[in-house]
Protein chains: 2
Amino acid sequence: MAMPAPDPRILSRAPQIVAALRAVLPGDAVISDPEETRAYECDALTAYRCAPLAVVLPRSTAEVAAAMRVCHELGVPVVPRGAGTSLAGGALPTADSVVIGTMRLRDMLEIDTENRFIRVQTGVTNLSVSAELEPLGFFYAPDPSSQLACTIAGNIAMNSGGAHCLKYGVTTNNLMGATVVLTTGEVIELGGPEMGAAGLDLLGLFCGSEGQLGIVTEAILRILPRPEGARPVLIGFNDAEVAGECVARIIRSGVLPVAIEYMDEPCLRAVEAFAHAGYPKCAAVLVVEVEGSPEEIAFQLGRIREIADALDPVEFRESRNADEAAAIWKGRKSAFGAMGRLGDYICLDGTVPVGKLPYTLKMIGELSRQHGLEVANVFHAGDGNMHPLILFNANTPGDLERAEAFGADILRLCVEVGGCLTGEHGVGIEKRDLMSTQYAPDDLAIQMQVKDVFDPQWLLNPAKVFPLAASRPHRERAAAE
Amino acid sequence: MAMPAPDPRILSRAPQIVAALRAVLPGDAVISDPEETRAYECDALTAYRCAPLAVVLPRSTAEVAAAMRVCHELGVPVVPRGAGTSLAGGALPTADSVVIGTMRLRDMLEIDTENRFIRVQTGVTNLSVSAELEPLGFFYAPDPSSQLACTIAGNIAMNSGGAHCLKYGVTTNNLMGATVVLTTGEVIELGGPEMGAAGLDLLGLFCGSEGQLGIVTEAILRILPRPEGARPVLIGFNDAEVAGECVARIIRSGVLPVAIEYMDEPCLRAVEAFAHAGYPKCAAVLVVEVEGSPEEIAFQLGRIREIADALDPVEFRESRNADEAAAIWKGRKSAFGAMGRLGDYICLDGTVPVGKLPYTLKMIGELSRQHGLEVANVFHAGDGNMHPLILFNANTPGDLERAEAFGADILRLCVEVGGCLTGEHGVGIEKRDLMSTQYAPDDLAIQMQVKDVFDPQWLLNPAKVFPLAASRPHRERAAAE
């Protein structure tokens, strides 16, 4: 993925830019030593690396605003960063940019169980929000796999989901309000602790905008009472397409599990070798979790059993206690770690209508043979959010490019069957040039015109989301002004 | 509510404008006879009336696009209209505008139960969508009180809710995709039949944009399997604030009814006189409906009974069959008709955090005494969406203005307690000038800059949503270009 060359006029002014940031921020909030900025050279898409000109780590909305104001006045690109867990290169710096990190914005500001919200600074991790709420009997629903590390700021920027978003929705369904720092340093408030929104829904627009419009420093999140209990079941099938059919039938039946996770045979092999989870040897395994009162759980599991039995599963394993439940989840939760042991991989994030899962899985297998690269599928099946992992060898010249070409074919396939390039990872740099597959030129143009409103200089998170060719006129106009 | 004077340069060109529309549309699609255009002079906010220059009733996206193109080229304002059921004056024409109505866009295009969506032209009524789905065992969740008449186009423009949105969310939570005609006549597609959205979430931005950005001609709506059963209960209290407390406790407990409806004493009196629903004589009545399997219903009703009993209700009436259930809903469903018999009223639409309901109800009572006008409260309590009805006499000079002043005070109160000007009716002309209460000038400015992108000439739905004073620079710049 080509990144644009850094602007030499900015690089040559690096000392003045750092001095201007130091003039308005505490001493330890500005990092410019190349030894230290290197820690920010990439996110979880590690194939791409580039250290920024400087890194700023503010502790308040006012400090974020001060840093943004300096960058705006000096015309310096800004790369917003949460915990750097993006799999799409959403937080990849350019050499002429200042990274503004939210990780020190770590205060829990207010909990209101009566009105069911929590107000936080956005540098708190996703998991710490639910941990904070646990003693009160509440939780925050979106739960990305990286929840131990990833921040609410990143979750909002990418509209993150997670295993449980089938029942509870993704970030945009659970975000009630936000404090946003615009590129000028101006601070605006969007939404609030109630359901309404008068005028245009800018909160929804910000959610998933990948740092293109501003930096969210505080958020009001919807919280939910913890269910009485939850129970997973494991269902194994000898045919991957039949497993896909089982997912479609569960969804169609109206039972609403909190999670339906899918693992195919290559994934199961890796997981068994790594985690010894005791999964059956078969073509595909589903982990389905339901929750509620004991009566509700029993009722839902009964329906799921009926649906599965009609499809002749290899195994239908219920968990009778917490240990058995943990054993069922163990394999799924270790899947990404297990795949990492097999070698390098890129993790995709296409979404397809649930009814198209069987066909899409079959076609991915065919593409795998065509490209000569192995693929493993482990994903949130209930909402059609696929995560094919393409295995390659980073030390073999040309292998990354082949893997990327294979990945692009899979994402084009997702769009063809009526799906979307991304479910929860965002576009970042990874899918930037595929946006033209999803959108007609006019559709993209109007998205970029909305960006023009919030970021007229095109300084925020450069070279992400929009194809470079399509965004050139906007960037050139910005530069000329 | 002042409307701007019509542009004499447009009025003088009326014959040419009508001729240009007739040149691109079928003969019966353009109405310009003043006898006929009068039918479009107002919506459900009948205190304001103004017949448009012409009315266009297209039958396809292409015809909507053709009409928009003509208006754009000739610089004529466009007022989009669904069924005209807006309570906020969202479809009020100006004398120099062309109304583009969606009511002939009436095709059901596609039903896909496997992927759980229906694709419709947006002139279909809300109720007809669920009627179409009923034989298949599915339904479309948002259910505004006007669902017999109101169209999906209007629902999307206003982000409509309804009694059941407590459980299922409002329109934005159930809208998956849209075909939009922009002011230039250009047609774009937003979203699609899957959960993801790459790039900026323009679909969310369009939902609730009140015809300020374009006209939605086709929509993909999420459909849900019908629950096995549903059962309402009626709970009466001798104290209105205690009824509010009961709502807050139900929400806090984690039970999720599909609806919690609230009626206060003035409303109950009117309803009894009109519908003889047999409601208890008391300070406030809640109608709470739960749904699911018989076991789930029994479980949820048990919890609600415990919560209510602790607050010493006057009555807790369960329904044991369909007739008793209908009797419980009868009063609530006739509330607006019953109030209409008492005289003229305006129906407000503020939203407050649920925990603030008791305080807000008390303050509305005090404001009622101050303004010397009676108010009745009937609303969706579960999500804090209030609908105070202010009674006045349209034949008494100055009474409408007093009622509007009282209404403005109530909406300011909603904003003060952390709420919002509108839950589901939209801003329209009614709350246009109150937007400055909800938003700081910078917040409003950026909303209007987003409008600039989609409607650079400010032709779409003029004089709605944004305060006239605040929008003047945008409109003047548009006129100068």
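None of the values given here were measured: they were computed from a predicted structure. Letters A, B, ... are given to chains in the order of the sequence lines, protein chains preceding strands, and every chain is numbered from 1.
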Please work out whether the ring planes of A/His387 and A/His380 are parallel, tilted or perpendicular, with thresholds of 30° and 60°. perpendicular
Is it the backbone or the side chain of A/Phe117 that comes under 4.5 Å from a heavy atom of chain B, or both, or neither? neither
Without swapping roles, check the side chain of A/Asn385 against the backbone of A/Ala381 for a donor-acceptor pair under 3.5 Å. no
Side chain, backbone, both or neither of A/Gln300 within contact of chain B (heavy atoms, under 4.5 Å): neither
If one checks every heavy atom of B/Leu224 against chain A at 4.5 Å, the contacting part turns out to be neither
So, for A/Pro467 and A/Arg432, which heavy atoms are closest and what is the spacing to 0.1 Å? CG-O, 3.4 Å
Where does A/Val450 contact chain B at under 4.5 Å (heavy atoms): side chain, backbone, both or neither? both
Can you tell me if B/Glu424 uses its side chain to pair, donor with acceptor, with the backbone of B/Gly162 under 3.5 Å? yes
Under a plain distance cut-off of 3.5 Å, with no hydrogens placed, do B/Asp349 and B/Thr422 share a side-chain donor-acceptor pair? yes
Can B/Thr179 and B/Glu189 be counted as having a side-chain donor-acceptor contact under 3.5 angstrom? yes
Picking from A/Arg226, A/Gln447, A/Glu295, which has the most non-hydrogen pairs under 4.5 angstrom with chain B? A/Gln447
Toward chain B, the part of A/Val465 with a non-hydrogen atom under 4.5 Å: side chain
Taking the side chain from A/Asp452 and the backbone from A/His474, do they hold a donor-acceptor pair closer than 3.5 Å? no
Side chain from CB out, backbone as N, CA, C, O: work out which of these in B/Val427 comes under 4.5 Å of a heavy atom of chain A, or both, or neither. side chain
Choice from A/Gln438, A/Glu210, A/Lys356, A/Met435 maximising heavy atom contacts with chain B below 4.5 Å: A/Met435
Most contact-rich option vs chain B, by heavy-atom pairs under 4.5 angstrom, among A/Ser209, A/Gly418, A/Gly426, is A/Gly418
Name the member of A/Ile251, A/Thr113, A/Leu190, A/Thr172 that forms the most heavy-atom pairs with chain B at distances under 4.5 Å. A/Ile251
Could you walk me through whether B/Arg249 and B/Glu245 pass the salt bridge (Lys or Arg N to Asp or Glu O under 4.0 Å) test, one step at a time? CA-CA 6 Å; B/Arg249 289 196 190 176; B/Glu245 176 62 25; 3.0 Å; yes
Is chain B contacted by the side chain of A/Leu213, its backbone, both, or neither, given a heavy-atom distance below 4.5 Å? side chain
Any donor-acceptor pair under 3.5 Å from B/Glu228 side chain to B/Gly292 backbone: no
Contacting region of A/Asn173 [heavy-atom separation from chain B under 4.5 Å]: side chain
Residue part contacting chain B, namely of A/Phe206, when any heavy atom lies under 4.5 Å: neither
Sort A/Leu444 into side chain, backbone, both or neither according to what part of it lies under 4.5 angstrom from a heavy atom of chain B. neither
Contact origin within A/Glu296 toward chain B - heavy atom pairs under 4.5 Å: side chain
Which atoms of A/Glu186 approach chain B - backbone, side chain, both or neither, heavy atom under 4.5 Å: side chain
Checking the side chain of B/Thr171 only, and the main-chain atoms of B/Ser160 only, is there a donor and an acceptor separated by less than 3.5 Å? yes
